[in-house]
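Down below is the structure, laid out as C-alpha cells.
Numbered from 1 within each chain, the chains take letters A, B, ... in sequence-line order.
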Amino acid sequence: MRPIFQERNMSEELSGNEYRQQRIENMRKLEEAGFPAFGQAFERTATLAELHAEFELEKTVKACGRIIAMRKMGKMAFAHISDGSDKFQLMVKKDLLGEETFAAFKLLDIGDIIGVEGDLFITQTEEQTVRVNSWTLLSKALLPLPEKWHGLQDVETRYRQRSLDLISNPEVMDVFKKRTQVMREIRAFLDSRGYFEVETPMLQQIAGGAAAKPFKAYYNALSIDVFMRIAPELYLKRLIVGGMDRVYEMNRNFRNEGLDRTHNPEFTCLEIYQAYGDMRTMQELIQSMFTHLATTIFGKMEFEWMGNTINLQTPWREVAYHDLIKEHLGTDWFEKSLDDAKAKAAELDVHIEAGMDFKTVTHEIYDKTIEGTLIQPTFITRLPKELVPLANACADDPELVDVFELIIGGKEIAPAYSELNNPIEQRKRFEEQAAGDGSKIDEDFLLALEHGMPPTGGMGIGIDRLLMLLTGSDAIRDVILFPQLKPRG
RNA sequence: GGUCCGGUAGCUCAGUCGGUAGAGCAUUUGACUUUUAAUCAAAGGGUCCCGGGUUCGAGUCCCGGCCGGAUCACCA
C-alpha cells in the first residue's frame, strides 16, 4: 500500500516483521548490485507449460515466473519458478554467471519474480531444466509465501487472500480454469445452436422474476431507489415477445439473503428461453449441453462427488413427482389423511409448521428425505401447481404444471418450465404475489405479454452449483474467486 | 438466529493436571558444483484472536465479544 521509497528512506524501514525487514534489506543489496527491484516487461519465448511441451535440448530460451523453491549450494543453486501455467526448474552456476551475479542470485527470496535467459538441458535426475546464463529481477516480494509442503490451509485466509491461495495451491487454479472453460463451452454450445446471448439490466426499478429479497441502491440522477436484479427472467421474456426466438443470458444475480455452503449473495445463472418450445425442448437441450461439457472439458462422463459416482450418460431418468413420492412413501400415500402425513413426517424427523396442508407436508418430506437420495441425474416432472406458480399447466391435468426439476447429486441443478404466456393469468399471479402493493407489479412486462408471447420453454441453471458438481467441490466458495465474507473484526 | 467445534511463530501444527511457549518448514550465519520437502552445524523469531474475571500464577478455567467452520432453523 505505502510507497516503497518512503519505507526505505525512513525509520519505518524496520517496520513490519522480521521477514519483511530482511527482504527489504535484500532488496537494498540487490539494487546496489545492479538489480533494480521492480523491473520492466519481460519478453519470454514461452510459458513454462510450453517449455515442457516443446522441450528441445540445448535450445536457448527466455522464461519468467515466481520463485517457489530454492536449493542453494556453495557454487551453484537450483530453483523452481512458477507462472500459473506450470513450474520449471532453473540451475544457476557460479562459473557461468560470474562471482557478483551469482552472489546476487543468492540474495533472491522465495516469492520474488524473475526473468531468465538460458539453455535447456536435463539433469542427472532427469528433470527438464534451464541452465541460466543471465537473469533479471522483475519484482521483489516483501512478504514470504505460505509453506511449500502444506500450502495455505487456513480456510478463512484462503478466501480473504485468494492471491496467496492461487500461488500456493495449484488445484485451486485448476478449479478456476475449469470454471472459465465451462462458461466458454456453454456459450460455444448455445451459439452453435442459434441461441443469442444478451445482457439485460442489473439495476432494475422492480426486481422481479423470482421470489427473493433484492439489494437496494440509490440512483442520484433520477432520485429513485433501484434494485440489483434477482433474476433476468422478465427482461428475457420481453425479448421473446420481441422476436428473439432463442435467447440466453449468463451473468450475475443478487439476492439479499444469508451465506452458507451453497449460497453466495451474488451468483451466476444461465437462463435460456426458446420460443415455440416447451419443457421438453429444454430437457433435450440440457442433456446435450452437459454431454458437450463433460466430453470437451473433462473427457469423461463420470464424476466423483462427495463419495458418489455420478454418471452423466444420457438419457437421464424421468419420473413424475407423484410417482416419485409413491415410490418412497407407499402407493397409497395420496389416499392418506393430513394427520397420517404429519405422523409420517414426525417419524422421519421432518419439521412441520402448524398450518401446513397435505401437499405442503408431502413436499417438506420430499425436500428433506427424498431429493438428497437422487444422486444420478433425474428429471422430476408434473409438479403440483402450488409449488411452481409461474408455469403453464399440463395439457391433461390442470392441477399439475408442465415443468421439470433436474436433480443431480441430491441437489437441484436446473428447473425448466413451459412458461406462462397468458397475460391475464400472469397479472393475477403477480397481484397475489405483491399482496396489495401495486408498485411491485411490473406493468411494462405485462404490457409486453399482452402483445402476445409464443409458447416458450425456459430454463435456469445455477452455474456455481454446476461447477461444484463438476469439480467435486462441496462449498460454493470454492468455485467463486472472491466469495462474500464478513469484514474482518 | 440456536447449538457444537476452532483461532498459538511468516506457514502447517503440538501444547499433559493451571506452574519458564514447542516442533517441522521458512528466516539468519557458516559448509557444500546435479539438487528437488537438498543435506550438515549453529542462531534468532510469540499481542497464545480481543476484553474482562478467578488465582500467588492463565495459552490452559469462567464470562462477554470478534472472525471462521459444521449443523439446525429461516429464506428460495
Side-chain angles (χ1 to χ4, degrees), chain A residues 16-26 29 67-81 87-97 102 105-111 121-132 141-161 164-165 167-169 209-214 230-231 253-265 267 269 349-353 363-364 367-368 371 387-390 405 411-412 415 433 460 462 465 474-475 477-478 483-489:
Chain A
N17 65 33
E18 171 196 3
Y19 296 92
R20 190 162 178 280
Q21 291 170 34
Q22 280 161 0
R23 282 162 180 256
I24 286 173
E25 179 59 18
N26 286 344
K29 288 180 186 164
I67 298 171
I68 56 167
M70 269 247 252
R71 295 174 290 281
K72 299 176 199 173
M73 278 164 283
K75 292 174 184 149
M76 68 180 305
F78 289 91
H80 273 101
I81 58 172
K87 59 180 184 174
F88 210 94
Q89 182 167 261
L90 309 179
M91 182 182 73
V92 181
K93 294 172 81 169
K94 189 175 185 174
D95 55 8
L96 281 177
L97 292 186
F102 181 74
F105 190 88
K106 289 177 88 171
L107 288 171
L108 291 172
D109 291 302
I110 287 173
F121 79 109
I122 292 182
T123 62
Q124 288 176 4
T125 48
E126 300 190 333
E127 177 161 354
Q128 298 177 344
T129 303
V130 178
R131 188 193 304 111
V132 175
L142 298 185
L143 294 173
L145 294 182
E147 202 225 2
K148 62 187 170 189
W149 190 243
H150 299 91
L152 183 62
Q153 297 294 321
D154 184 79
V155 183
E156 184 175 355
T157 311
R158 286 187 44 221
Y159 297 143
R160 288 194 193 277
Q161 299 187 53
L164 273 188
D165 191 25
I167 290 168
S168 52
N169 298 323
K213 292 190 197 93
I230 56 176
N253 292 333
F254 307 86
R255 296 189 182 176
N256 206 338
E257 55 192 37
L259 291 161
D260 66 29
R261 201 201 305 197
T262 56
H263 292 83
N264 195 64
F267 59 100
C269 243
D349 220 17
V350 172
H351 181 81
I352 294 297
E353 300 282 335
H363 195 65
E364 279 299 306
D367 230 24
K368 295 293 184 302
E371 185 175 280
L387 298 179
V388 189
L390 297 177
E405 286 191 351
K411 305 271 183 211
E412 189 183 325
Q433 220 176 8
R465 290 183 187 176
D474 66 341
R477 289 176 168 188
D478 291 330
Q484 190 66 226
L485 293 171
K486 281 195 193 182
R488 212 173 328 218

For [X] and [N], what is the distance between atoms [atom1] and [atom2] respectively, to the nearest whole Å?
{"X": "A/Asp154", "N": "B/rC5", "atom1": "CG", "atom2": "P", "result": "19 Å"}
{"X": "A/Asp109", "N": "B/rU28", "atom1": "CG", "atom2": "C1'", "result": "11 Å"}
{"X": "A/Ile24", "N": "B/rU28", "atom1": "CD1", "atom2": "C1'", "result": "16 Å"}
{"X": "A/Leu152", "N": "B/rG68", "atom1": "CG", "atom2": "C1'", "result": "14 Å"}
{"X": "A/Met70", "N": "B/rA37", "atom1": "CE", "atom2": "P", "result": "17 Å"}
{"X": "A/Gln128", "N": "B/rU35", "atom1": "CD", "atom2": "P", "result": "18 Å"}
{"X": "A/Gln161", "N": "B/rG10", "atom1": "CD", "atom2": "P", "result": "13 Å"}
{"X": "A/Lys486", "N": "B/rC67", "atom1": "NZ", "atom2": "C1'", "result": "8 Å"}

Sort out the partner of [N] for me: Watson-Crick or G-U wobble, both distances under 3.5 Å, none otherwise.
{"N": "B/rC4", "result": "B/rG69"}
{"N": "B/rC17", "result": "none"}
{"N": "B/rC25", "result": "B/rG10"}
{"N": "B/rG59", "result": "none"}
{"N": "B/rC40", "result": "B/rG30"}

- Qualifying residues under side-chain hydrogen bond (donor to acceptor under 3.5 Å, both in side chains), relative to A/Arg131, sequence neighbours excluded: A/Glu58

- Quick one: side-chain hydrogen bond (donor to acceptor under 3.5 Å, both in side chains) partners of A/Tyr159, sequence neighbours excluded? A/Asp478

Given [options], which nucleotide is nearest the side-chain atoms of [X]?
{"X": "A/Lys148", "options": "B/rA37, B/rG10, B/rU12", "answer": "B/rA37"}
{"X": "A/Phe121", "options": "B/rG69, B/rU34, B/rU12", "answer": "B/rU34"}
{"X": "A/Lys93", "options": "B/rC11, B/rG68, B/rU33", "answer": "B/rU33"}
{"X": "A/Thr123", "options": "B/rU34, B/rG68, B/rC25", "answer": "B/rU34"}

- Message: Whether the side chain of A/Gln124 and the base of B/rU35 hold a donor-acceptor pair under 3.5 Å is what I'd like checked.
- Response: no

Pick the [atom1] atom in [N] and in [M], then give their distance to the nearest Å.
{"N": "B/rA26", "M": "B/rA9", "atom1": "C1'", "answer": "10 Å"}
{"N": "B/rU55", "M": "B/rG24", "atom1": "C1'", "answer": "35 Å"}
{"N": "B/rG10", "M": "B/rG45", "atom1": "P", "answer": "13 Å"}
{"N": "B/rU60", "M": "B/rG19", "atom1": "C1'", "answer": "11 Å"}
{"N": "B/rC49", "M": "B/rA42", "atom1": "P", "answer": "32 Å"}

Pairing residues for [X] by the salt bridge (Lys or Arg N to Asp or Glu O under 4.0 Å) criterion, not counting sequence neighbours:
{"X": "A/Glu156", "result": "A/Arg160"}
{"X": "A/Asp165", "result": "A/Arg158, A/Arg162"}
{"X": "A/Glu405", "result": "none"}
{"X": "A/Lys94", "result": "A/Glu99"}

- Give A/Leu143 one of three labels, base, sugar-phosphate or nothing, depending on what nucleic acid heavy atoms sit under 4.0 Å from its own. nothing

- Query: How is A/Asp95 classified with respect to the nucleic acid when contacts are heavy atoms under 4.0 Å: base, sugar-phosphate, or nothing?
  - Reply: base

- Given that A/Gln89 and A/Pro146 both sit by RNA chain B, which one's nearest nucleotide is further toward the 5' end? A/Pro146

- Item | Along RNA chain B (nearest heavy atom to each residue), the more 5'-positioned of A/Pro144 and A/Ala79 | A/Pro144

- Message: Determine whether A/Glu364 and A/His351 satisfy the following criterion, side-chain contact (heavy atoms from CB on, under 4.5 Å), listing intermediate values before the conclusion.
- Response: CA-CA 8 Å; A/Glu364 279 299 306; A/His351 181 81; 5.8 Å; no

- Query: Got a sec, which pairs hit salt bridge (Lys or Arg N to Asp or Glu O under 4.0 Å) with one end in residues 67-76 of chain A, sequence neighbours left out?
  - Reply: none

- Message: Which residues pass the ring-ring contact (aromatic ring centres under 6.0 Å, His included) test with A/His363, not counting sequence neighbours?
- Response: A/Tyr321, A/Tyr366

- Message: So for atom CG, which belongs to A/Asp260, do other residues, nucleotides or ligands contribute more than 12 heavy atoms lying within a distance under 6.0 Å?
- Response: yes

Under 3.5 Å, which donor-acceptor pairs do the side chains of residues 141-150 of chain A form with other protein atoms, sequence neighbours left out?
from, atom 1, to, atom 2, distance (Å)
A/Glu147, OE1, A/His150, N, 3.1
A/Glu147, OE1, A/His150, ND1, 2.5

- Message: If you compare every side-chain N and O of A/Arg71 against the phosphate oxygens of B/rA37 (OP1, OP2), does one of them come in below 4.0 Å?
- Response: no

- Item | Heavy-atom protein contacts under 4.0 Å, nucleotides 71-76 of chain B, coded B base, S sugar-phosphate only, - none | S-SS-B

Close N/O contacts between protein and nucleotides 30-32 of chain B (under 3.5 Å):
from, atom 1, to, atom 2, distance (Å)
B/rC32, N3, A/Gly74, N, 3.4

Tabulated below should be each protein N or O lying under 3.5 Å from an N or O of nucleotides 45-51 of chain B; please produce it.
from, atom 1, to, atom 2, distance (Å)
B/rG45, O2', A/Glu18, OE1, 3.3

